[in-house]
Amino acid sequence: MREVTVKKILFEIALLGAIFFFFNTAAAQDLESVVEQMAEDGASESAIEDYLQQIETGIRRLNLNLADRQQLESSGLFSPFQIASLLEYRADYGALLSMAELQMVDGFSAEFVAKIAPAVTLAGDTDRPGTHLQARSRYKWKEGTPGLHQYNRVLLESGRFSAGLLAESDAGEIPLADHLGGYLGYKHGPFEVLVGDYSACFGQGLALWNSFAFTGASSPASVMRRPRGIVPYKSADESAAFRGVAAGLGLGRFKVSAFASAAGADARVSDKGYESLIKTGYHRTIYEKGCKNAMREYLAGANVTFRGSQFQAGITAAAYSFSEHNARKVMPYNQFQLYDGWMGNLSAEVLYSAGHWRLFAEAALCSRKIAAAVAGAVLTASYSFEASLMLRYYDKGYIAPHAGAYSTISSVSNQAGAVLAVMARPLRGLLITSFTEAVHYPYLRYRVDGPSSAFYEKLKAEYAFPLVTISVQDNYVWQSAGKERKHSLKGSVKFESGPWKASARVGAVLFTSDKGPQSGWALSVNAARTLLRGRATVQAGAGWYEALSYDARVYLFESDLPGNFSLQYYYGKGIAARGLVKVKIGRRWSLSLLAVVSQGAEGRLQADYKF
């Protein structure tokens, strides 16, 4: 068994439970399935980490009486239908007076309101000046790995100012602070400025989106990006942040943003220039240390966005260059993506909302005058039905290294595809989601020597009883390259009653290719109980697995420290066990301890402070 531990820290521990089953979709997929799906689709650890970052709302709770459409969308808590229902209810009846009244809004069941309650408020206190501080320290030890992984973060908001500081070291690196990151922000009325590490996410991501971008989940609304503009960078991924200064100014319905960055980049550099970019973030060996921040990437850009009641439009421009010349080896699969000196992108995007429909599109050019485009529609007919369609075309020569548009490969290039997603609730308690995608790659790719195609189908059914939830999911992938076919079947049962929670998850994979069939399976069971009037939680789990082929590995979600997630892929044959203890100490402190025994031992300790 191997493990991918997502390092991302969510600001609000209570928010973790609140959003556990909800992310940007009326389908209300549970977070376990979303994270598992991302891993099966090839998402990196940093991408999963950044996904978790997007579903947090910040230190302060979201005010449902004051939040506008953009704030509700960017929170990640609500589906488009729920947002439309809430805004319509506020317009008709005024401010909400209680959480009980929120249940009267179409799409807000009593169960949903109970889950989001720790993350939202109806009072006006969240807009008053005040000081909010959060700190987290985490230490991880793993058998066979030298040293500790250390993570320390402080987040602060005080009136118009905000700040963050991160110090992190992987096992084998210098203690405490191999990587230092942080930011300082100021906001007053329509003006805001950030100095330090930041993200820039505009349009549908064709030109600029250096943050997580959802791809491949069976959530109809998730095919449409929700731009966040300029925001503080809070991820532990060392290679994705812009580092410099960014500012924004609101002018009526317009908002103008400008930004500049001179971030360090890990690379193998010779006398001729940089020969490769290194994005692992590791600096343990002499070679890795020599590659650390071996050059810089300079970037400058701007965005202008107009927001009306139903119509939104924006233009984004960005230019970037490395401080060293490009000395990478030209290969058939990368020859159209290499550039030297300055390169840039220009894009235009539109979004139109009419009734239950949302129509979106973006078109972009790179400096070589090569184009890319994406367009689609999302229909939220009711809380019981949601659907989306998205079309895209990216030329093989389109270059956008900081793009985050929907893509099934590592770059936004060399593909033409269509996505159709549907969510339905045909019966009370029954939820069905379907995701279908067809894509064609006109030019050869890495390890694929010619044009190729792929087809994806993901189908999930979930039925919720009063105390038990049962779900079944099948993922099917066909790729013309290698004549590969893969079925991933998953089932889960969850029970919750009073202080007790229990779950059982089973996964099976059947993989066939021109090399023959391969299979794997895994079973995981977990039980948890709250103690000391909710101030302590004890959880234990075990797993059994057999997947002798790496292609038939099985991904299953496992609980982890608060604000973290473990996604284990079961490979090999054996059993695993884990135990987790969480204790609240006083009003502001909490302590968590996790122990794992499998093909090796592992331990993690985490302390949290909130003020």
Side-chain angles (χ1 to χ4, degrees), residues 7-11 46 49-50 52-54 56-60 74 131-137 150-170 173-174 176-202 208-212 227-250 255-266 279 281 283 292-303 316 318-323 401-402 404:
K7 299 182 287 184
K8 189 64 211 168
I9 303 302
L10 304 184
F11 288 145
S46 60
E49 170 191 333
D50 218 357
L52 299 177
Q53 173 62 49
Q54 285 206 26
E56 57 85 10
T57 62
I59 292 179
R60 304 180 186 182
S74 62
T131 299
H132 305 260
L133 174 69
Q134 291 188 2
R136 172 165 289 177
S137 292
Q150 304 169 64
Y151 183 103
N152 296 280
R153 161 161 280 162
V154 177
L155 299 169
L156 173 69
E157 287 188 9
S158 182
R160 297 168 180 169
F161 292 91
S162 63
L165 180 64
L166 167 69
E168 188 232 16
S169 288
D170 294 301
E173 296 180 335
I174 62 172
L176 295 179
D178 173 76
H179 170 65
L180 277 173
Y183 64 90
L184 177 65
Y186 174 82
K187 185 174 183 179
H188 180 52
F191 175 74
E192 57 186 346
V193 62
L194 273 172
V195 178
D197 296 342
Y198 65 90
S199 292
C201 303
F202 297 106
L208 204 60
W209 194 291
N210 71 320
S211 183
F212 168 74
R228 296 183 293 159
I230 303 294
V231 294
Y233 185 83
K234 301 165 186 173
S235 170
D237 185 353
E238 301 176 22
S239 62
F242 295 144
R243 177 166 289 184
V245 60
L249 178 63
K255 183 170 183 179
V256 180
S257 303
F259 44 91
S261 170
D266 289 6
K279 298 183 179 292
H283 309 117
K292 182 179 180 180
N293 292 330
M295 63 179 183
R296 291 192 176 276
E297 183 184 29
Y298 302 108
L299 176 141
N303 170 269
T316 302
Y320 36 86
S321 177
F322 289 111
S323 60
H402 298 293

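For this chain, numbers begin at 1 and follow the sequence in order.
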* **Asp197: partners by side chain to side chain contact (heavy atoms under 4.5 Å, CB included), with sequence neighbours left out** => Tyr233, Ala241, Arg243
* CG-OG distance between Asp178 and Ser169, expressed to the nearest 0.5 angstrom -> 5.0 Å
* Asked: Of all residues at least two apart in sequence or in a different chain, which pass the side chain to side chain contact (heavy atoms under 4.5 Å, CB included) check with Glu297?
  -> Tyr320, Phe322, Tyr339, His402
* To do: Write down the atom of Asn210, the atom of Ser199, and the distance for their closest heavy-atom approach.
  => OD1-CA, 3.2 Å
* Is the shortest distance from a Lys or Arg side-chain nitrogen in Glu157 or Lys187 to a carboxylate oxygen in the other one below 4.0 Å? -> no
* To do: Give the intermediate values and the outcome of side chain to side chain contact (heavy atoms under 4.5 Å, CB included) for residues Thr131 and Phe161.
  => CA-CA 9 Å; Thr131 299; Phe161 292 91; over 6 Å; no
* Asked: Roughly how far, to the nearest 0.5 Å, is the CD atom of Gln134 from the CG atom of Leu155?
  -> 6.0 Å
* Assess the side chains of Asn303 and Ser257: does a donor N or O sit below 3.5 Å from an acceptor N or O? => no
* Partner set under side chain to side chain contact (heavy atoms under 4.5 Å, CB included) for Val193, not counting sequence neighbours -> Tyr186, Phe191, Val245, Ala247
* Any chance the side chains of His283 and Asp170 put a donor and an acceptor closer than 3.5 Å? -> no
* **Heavy-atom closest contact (Phe202 atom, Gly229 atom, distance)** => CE2-CA, 3.6 Å
* To do: Find the distance between CD1 (Ile230) and SG (Cys201) and round it off to the nearest 0.5 Å.
  => 8.0 Å
* Structure fact -> Interatomic distance, CG@Leu166 vs CG@Leu180, rounded to 0.5 Å, equals 7.5 Å
* **Spacing of CD belonging to Glu192 relative to CG belonging to Leu249, to within rounding of 0.5 Å** => 9.5 Å
* Backbone N or O of Asn293 within a donor-acceptor pair of the Asp266 side chain at under 3.5 Å? -> yes
* To do: Kindly give the heavy-atom pair with the smallest separation between Leu194 and Gly185, and that separation in Å.
  => CD2-CA, 3.8 Å
* For the pair Tyr198 and Val231, evaluate side chain to side chain contact (heavy atoms under 4.5 Å, CB included) and give the outcome as yes or no after the intermediate values. => CA-CA 6 Å; Tyr198 65 90; Val231 294; over 6 Å; no
* Asked: What's the shortest heavy-atom distance between Gly404 and Trp209, and which atoms?
  -> N-CB, 3.5 Å
* Asked: Going by distance alone, is a donor N or O of one side chain under 3.5 Å from an acceptor N or O of the other, for Tyr298 and Arg296?
  -> no
* Asked: Should Tyr183 and Leu165 be marked as a side chain to side chain contact (heavy atoms under 4.5 Å, CB included) after you check the CA-CA gap, both sets of side-chain angles, and the distance that decides it?
  -> CA-CA 7 Å; Tyr183 64 90; Leu165 180 64; over 6 Å; no
* To do: Kindly indicate, with the supporting measurements, whether the criterion side chain to side chain contact (heavy atoms under 4.5 Å, CB included) is fulfilled by Leu208 and Phe259.
  => CA-CA 12 Å; Leu208 204 60; Phe259 44 91; 3.3 Å; yes
* Asked: Counting only heavy atoms not in Lys292, do more than 12 fall under 6.0 Å of its NZ?
  -> yes
* Shortest non-hydrogen separation from Gly281 to Glu173 and the atoms involved -> O-OE2, 3.2 Å
